[in-house]
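Because the structure is a prediction, the values reported are computed rather than measured. All ligand and atom numbering here is 1-based and tracks the order in the structure.
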Amino acid sequence: MWGIIATWRMAHEGVINAKELLENEGTCGDAVEASIKYVEDYPFYKSVGYGGLPNERGIVEMDAAFMDGNTFKIGAVASIVDVANPISVARKLSNEKFNSFRVGQGATEYAMLAGFERKNMLTNRAKKIWQKRLEEIAKTNLSPYDGHDTVGVVSLDKHQGMAVGTSSSGLFMKKTGRVGDSPLSGSGFYVDSQIGGATATGLGEDLMKGCLAYEIVRLMGEGKTPQEACDQAVYSFTHLLKERYGKAGAFSLVAMNKKGEWGVATNVEFTFSVATANEKPAIYLANPDDNQKTIIEPITKEWLEAYEKRIKAPI
Ligand code: GLY
């Protein structure tokens, strides 16, 4: 059996490429890295890698993590700048016994010394969106914060290995040094090859209050299916947050277990991409219903066309 599940429509091409890899004895780690790199390199995705929206000073600060579910090795970077593929840096860091989570200048320095590609990650398009937002903020009381669509990928390979990875440019207009859930083990991602893995996208400040990726893996370890685990973790925590904190930000999680079964839960409309040995790569739309369950339906052609137009619309 093999499988891969990833957050958002943006991950779909990466999932298709990873399918070839996994079918041909490729490892889950390679599948996770390759699929996330595809998203990081694509200039029209404005919440990950090249083309990602910057912080309030116009700098693209990125977070990423990689975890190997066989060994529990974790590597992560936060607030890394000028590096083409933060996921690859995170993966390399996962082999370090010490200093495996680097932030800011330390992360960028590590990447440069290790020979990773240096790249100015601010595209003209992202710069224009940033400038426009600065003007809007000056004129109105609009909240400056927006967009935190992490790419998160869980993969299972034919050798029963599992891995998970995340990459994000974080919250648009964030303060310098703000870090979201994406590089945080348990919040943005978690995987245990003997159980399964999960990864998150959404408002990091709220996701880290619930450690939802770990919670989903824990629930799968107790015997829940990925869908039952996702529903229970996401809807009960959304409820708890509203009750105790007053509100819950938007968030969504995807999970896969060691058998290649998958699940998704979300408190907003959410797309994801999945492929397994038994299922062709496909994009789905997920929505919460009123009974703590997730409604999942295939994406329509109209939705995809509107999406394509939206991400490439003139600024
Ligand atoms: N989930 C990404 C972030 O909040 O930065």
Is the closest basic N to carboxylate O distance between Glu13 and Arg9 below 4.0 Å? yes

So, are Glu25 and Lys158 salt-bridged, with charged N and O less than 4.0 Å apart? yes

So that I can tick it off, tell me whether Glu215 and Arg218 are bridged by a salt bridge, with the cut-off set at under 4.0 angstrom between side-chain N and carboxylate O. yes

Gly170 heavy atoms, cut-off 4.0 Å: which ligand 1 atoms fall inside? 5 (O)

Rounded to the nearest 0.5 Å, what separation is found between the NZ atom of Lys175 and the CE atom of Met173? 8.5 Å

Consider every N or O of Asp63 and every N or O of ligand 1, then say whether any pair is closer than 3.5 Å. no

is_close_aromatic(Tyr307, Trp8), centroid dist under 6.0 Å: no

Number the atoms of ligand 1 from 1 as they appear, then name those within less than 4.0 Å of a heavy atom of Gly204, with their elements. 3 (C), 4 (O)

In terms of atom number and element, which parts of ligand 1 are under 4.0 angstrom from non-hydrogen atoms of Asp181? 1 (N), 2 (C), 3 (C), 4 (O)

Does any N or O of ligand 1 fall below 3.5 Å from an N or O anywhere on Thr201, backbone included? no

Aromatic centroids of Trp130 and Phe172 separated by under 6.0 Å: no

Quick note on ligand 1: atoms under 4.0 Å from a heavy atom of Thr150 include exactly 1 (N), 2 (C)

Atoms in ligand 1 flagged as close to Ser182, the criterion being non-hydrogen separation under 4.0 Å: 1 (N), 2 (C)

For the residue pair Lys209 and Tyr245, would you count it as a cation-pi contact if the rule is NZ or CZ under 6.0 angstrom from the ring centre and within 45 degrees of the ring axis? yes

So, is Gly202 polar-close to ligand 1, with some N/O to N/O distance under 3.5 Å? yes

Under 4.0 Å, heavy-atom basis, I'd like to know which part of Lys174 is in contact with ligand 1: side chain, backbone, both or neither. neither

